[in-house]
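Accompanying notes for the structure given below.
Keep in mind it's a predicted model, so treat the numbers as computed, not measured. Here is the naming used below: chain letters follow the sequence lines, and residue numbers restart at 1 for every chain. The basis for the numbers below is simple: all heavy atoms, side chains too, and nothing from hydrogens, waters or symmetry mates.
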Amino acid sequence: MADYNHRETEQKWQRFWDEHNTYKPEELTSKPKYYVLDMFPYPSGAGLHVGHPLGYIASDIVSRYKRLKGYNVLHPMGFDSFGLPAEQYAIQTGQHPAVTTEANLTRYIEQLKNIGFSYDWSREVRTSDSSYYKWTQWIFMELFNSWYNRDTNRAESIDTLLNKFAMNGTTDVNAVCDEDVASFTAAEWNALSKTESYAITLKYRLTYLANAVVNWCPALGTVLANDEVKDGVSERGGYPVEQKLMRQWMMRITAYADRLLTGLNTIDWTESLKEQQRNWIGKSIGASVKFPLATDNNQFIDVFTTRVDTIYGVTFMVLAPEHELAVQLTTPEQKEAVQAYVNAAKLRSERDRMADTKAVSGVFTGSYCLNPLNGERVPIFLADYVLAGYGTGAVMAVPSGDQRDWNFAKHFDLPIIPILDAQKDIDQQADNTKEGRYINSGIINGMTYQQATPALISWLEDGKLGQGKINFRMRDAVFSRQRYWGEPVPVYFKDSGNGQLLPYLIDESDLPLELPTVDKYLPTETGEPPLGRAEGWKYKGDFDYELSTMPGWAGSSWYWYRYMDPNNEGVFASKEAIDYWQNVDLYIGGTEHATGHLLYSRFWNKFLYDRQYVPQDEPFKKLINQGMIQGRSNFVYRVKTTLIKPFEQSQYPPLPVSSNEDDLDMISGHPESISVFFSKNVIDGIENDNAEMIDYAQKTLNNILSKYERIDGRRHNLLIRRFLLYTPLHVDVNIVENDILGLDTFKKSRPDLTENAEFIPEPDGRYIVGAEVEKMSKSKFNVVNPDDIVERYGADVLRLYEMFLGPLEQAKPWNTNGIDGVYRFIRKFWRLFYKDNATGKSQWIVTDEQPTPAELKVLHKAIQKTESDIDAYSFNTSVSSFMICVNELSTLNCHKRAVLQDLVLILSPYAPHITEELWAALGHEPGSLSKAEFPVFNPAYLVEDAFEYPIQINGKVRTTISFAIDRAATDIEREVLADEVVQKWLEGKTPKKVVVVPKRIVNVVI
RNA sequence: GCGGGCGUGGCGAAAUUGGUAGACGUGCCAGACUUAGGAUCUGGUGCCGCAAGGCAUGGGGGUUCGAGUCCCUCCGCCCGUACCA
């Protein structure tokens, strides 16, 4: 065939784009802007696998398409280059994380360029560069210098707070702040020393120091954010996590809870993602109620409830074991039992606690409080089903309406009082209905749910015993990490005179505060973070710096702004640049960042918006989650061979040697073949060594085949040369206990593979035959490297194939079945332009003839489909429309410039290399493809003068008849009824009804 | 438990939003060309049936001239989340 050398051509154009800065957007033009962003990767040591590019390919297609459509497109790429793996590696090897990171980055960039993405590489950012983290530190300082004003509902400079204090003290300050702030007058404030007043402001700032119960991970030596902990272990590494009280930098994200919630209504994200954020923020509307202690009516237990209407059903009170009143409330008689319980609860890890939510446990304190409504004595218990971190850490228990309370009441034999006449079977289980009228309920007896709640809240408010309250599940974000490889916090500590150290920001002119060098990347002997090892690292040579670093999410919470103006040394991005680019039009990335990066980014963006640094209060207008491309774990190896009979007796040709899985499928139906399965452990150790594998498999096969008594030396050799080498097996069942499938289950699930198969057992005699479809990762040995695909098929084929695999959002297992089809398509496309002549040389066969209506119709169908598919992010169907177009043009034998040139343009976002090559061959200036205009769809070419009507009889299609487009419905009806096929079905009867839908269908109802 | 999503050939998947179910690709079958085929090309291919025809979008029911699509109900799978008071 006319040869298209994908390697050479693709590399040529990649170099060209690089050298000519082809994809650099114009600066501040009057063109409309379009900002397409990929979630930037953490450059891990494993390099890219085929799952990574999926989203990048989609965003690249959109970028290239928008350029052709006349937009000024910003499409950048960068790296989230601070992070734990590089630091773990540093701890093990002593290698500076910057060195490993740099090496990984080089590899990533090379791999990305290999796929032909249209990034403007001149804008690349790296979060670990000091020129970048200078601005991460600057934003931290801005947060420190701000407070949240509830009255204006936005963050303001700390100066406006100081003014309020100086004018009126705390009287008209309505701030989101620490709980323990005191009230004072302006006179009192003005009398304070500078240090004293400064110390007070620390309780109001948006970033602040606090003793917080944190997720401490001893193995990693750092605290983790809630979203970095999964199932009680660290997300990275899977190490145990325990609760620990530590002094930490915190961020007042809770100030933004409501706006983070309502903002979701203004953005185009998937419902499931929005729902995840809503759940994470966890707003619940209810009331807080004060229960006075029986022994001291001036002391109260504060509870939060969403069902204040059930308050007459309260028969006991439950506090979290960590509750601050727990010790005080314990009577001497109960002291021993309570202490035992509290200690046991402490020992139970978070994980254990979550594991058995069924078991009821708890202990009576010996004390009572009073129901504020009816004065009933209510016994107080401690139990770990009440969480210290939610609400007030105390629950008013209503066993008739809440199943957990009901279980507890049964266990401790406490009364269960019905409160609504509609409650059923409450001696069997709790009934949380809101139906019916209240009974046993004092002032709300006879009322409905809708009446009772406001009545109670107003009664409680009058007596100052409670109020309506909104509670959030989300906590303030912990901002400190006891690690080395992160942004230093730009803070130093100074003695306030009374021995108390207060935190101060360093001067803005001292930014960036660079990471110092250390001898080891481990905590100091005294337990301080690694930065404590830095020799002589002091502010102005005198003051201790903060030794913790920022969390992983800091650098990624604003990076999309840096791309707008990446080299600016005076500001994080110029006002002009931000005003032009505004925010991200399309953001593509994984759903795993739902409650981490995507929430923190919205938080910081809203803060920057409040302080008027940015014009939009949501950063990402439209967000698409690409589905994960899953790999398969290599649990089973299959050796496929053939020719049990001697070669001469076989009617089938021998099979080739190959390790390509597609070939395995090709021969799986071969009637004279035999499958041999090797267990994982048998294969382990020679996993990636073909020579060893062949050797091993040959020996094993000899043993097996000798049983068939058909082998002589010659045939034997032939046979072994022709077995299919080995392949990791894909089994279509998802696993299963301990990743191990029983042999029988496996045979049942894939009879097509296992019939006539031999199984090689483990040394201990067991058979391990299982496989798993799951996320690609290095540890699973199931990574497919995109470079291999690019090498063999080309980047254009990889791009088309990944899109062709299925809808972008859907998770899908990686398999290469079908990649040949895309490869064939590319070559078929090429053959519209070139053909072999007799000498085997390629010959240009494009002509300047006028296209026929049929050819134009084929072309414009494809133009229309490409447009609508890209607009709907339906890339898989778009690829299929290209295939149809090329197939039809081939059939029409169309080699006309007027058609092919437009085809090149519409295909170019998907397959940029081959189209750039052909664009130049068509006589255009090399490299000018991205500056061309997308062909204009002309519906006139698609107009048909006739339509082939499907004719249904009682809803079933029996025939088709062609009618002119403008044919009257009455004419159509008459002719349809006269048709002989219809006549046959009518059997002489008169139809009840005839439905004629113009240009759609005819249905004859009998 | 709760929330979100999904269920269509051997496989990946389409279906103009209520109008010819299975486009496109793969796989499979047959053929052509070949020293050869893991190249290329042609035809066939949802299931049952020799055929006429019948049956088919997880199961059952409904609305409609017409349902993969809308409604009800049951079953199954995936993702997220969880003693959240």
- Query: For A:Q810, which residues count as a side-chain hydrogen bond (donor to acceptor under 3.5 Å, both in side chains) partner, sequence neighbours excluded?
  - Reply: none
- Item | Listed partners of A:D796 passing side-chain hydrogen bond (donor to acceptor under 3.5 Å, both in side chains), at least two apart | A:H913
- Task: Strictly below 4.0 Å, heavy-atom distances to any atom of RNA chain B: list the hits from residues 949-963 of chain A, or just say none.
- Result: A:P950, A:Q952, A:K956, A:V957, A:R958
- Residues within residues 995-1006 of chain A bordering RNA chain B, heavy-atom distance below 4.0 Å: A:V995, A:V997, A:R1000, A:I1001, A:N1003, A:V1005
- Nearest-angstrom distance from the residue atom CG of A:D869 to C1' of B:rA13: 14 Å
- Partners passing side chain to side chain contact (heavy atoms under 4.5 Å, CB included) against A:W269 (at least two apart in sequence or in another chain): A:I267, A:L273, A:K274, A:Q277, A:L598, A:R602, A:F620, A:L623
- Set of side chain to side chain contact (heavy atoms under 4.5 Å, CB included) partners for A:A394, sequence neighbours left out: A:I301, A:V303, A:L319, A:H323, A:T392
Validation: residues 991-1006 of chain A side-chain donor-acceptor distances under 3.5 Å, sequence neighbours left out:
| from | atom 1 | to | atom 2 | distance (Å) |
| --- | --- | --- | --- | --- |
| A:N1003 | OD1 | A:G955 | N | 3.1 |

- Query: If a stem is a run of at least 3 consecutive Watson-Crick or G-U pairs, both distances under 3.5 Å, which stems include RNA chain B?
  - Reply: B:1-7 with B:75-81, B:10-12 with B:24-26, B:27-32 with B:40-45, B:46-48 with B:53-55, B:58-62 with B:70-74
- Polar side-chain atom of A:E809 near backbone of A:N625 as donor-acceptor pair, under 3.5 Å: no
From the list [options], which nucleotide is the closest neighbour of the side chain of [X]?
| X | options | value |
| --- | --- | --- |
| A:Q810 | B:rC24, B:rA39, B:rA13 | B:rA13 |
| A:W985 | B:rA13, B:rG54, B:rC24 | B:rG54 |
| A:R404 | B:rA39, B:rA14, B:rC84 | B:rC84 |
| A:N887 | B:rG25, B:rG80, B:rA85 | B:rG25 |

- Does a donor on one side chain sit under 3.5 Å from an acceptor on the other, for A:D476 and A:T254?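 A:T254 and A:D476 do have a side-chain donor-acceptor pair below 3.5 Å.
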Between side-chain atoms of residues 873-883 of chain A and protein atoms elsewhere (two or more places apart, or another chain), which donor-acceptor pairs fall under 3.5 Å?
| from | atom 1 | to | atom 2 | distance (Å) |
| --- | --- | --- | --- | --- |
| A:S874 | OG | A:T877 | OG1 | 2.6 |
| A:T877 | OG1 | A:D869 | OD1 | 3.3 |
| A:T877 | OG1 | A:D869 | OD2 | 3.0 |
| A:T877 | OG1 | A:S874 | O | 3.0 |
| A:S878 | OG | A:Y910 | OH | 2.9 |
| A:S880 | OG | A:T877 | O | 3.4 |
| A:S881 | OG | A:S878 | O | 2.8 |

Give me, pair by pair, the N or O atoms of the protein and of nucleotides 44-46 of chain B that are less than 3.5 Å apart, along with how far apart they are.
none

- Taking atom C1' in both B:rG59 and B:rG4, what distance in whole Å separates the two?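 Nearest-Å result for B:rG59 against B:rG4 at atom C1': 24 Å.
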- Item | B:rC47 and B:rG9, which share atom name C1', separated by this distance in whole Å | 9 Å
- Item | Partner set under ring-ring contact (aromatic ring centres under 6.0 Å, His included) for A:F947, not counting sequence neighbours | A:Y949
- Item | Listed once per pair and sorted, the salt bridge (charged side-chain N to carboxylate O under 4.0 Å, His left out) pairs that draw on residues 870-889 of chain A, sequence neighbours left out |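 Qualifying pairs, neighbours excluded: A:K861-A:E888.
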- Task: Look at the rings of A:Y823 and A:H6 and say which category their plane angle falls in: under 30° parallel, 30 to 60° tilted, over 60° perpendicular.
- Result: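 Rings of A:Y823 and A:H6: perpendicular, over 60°.
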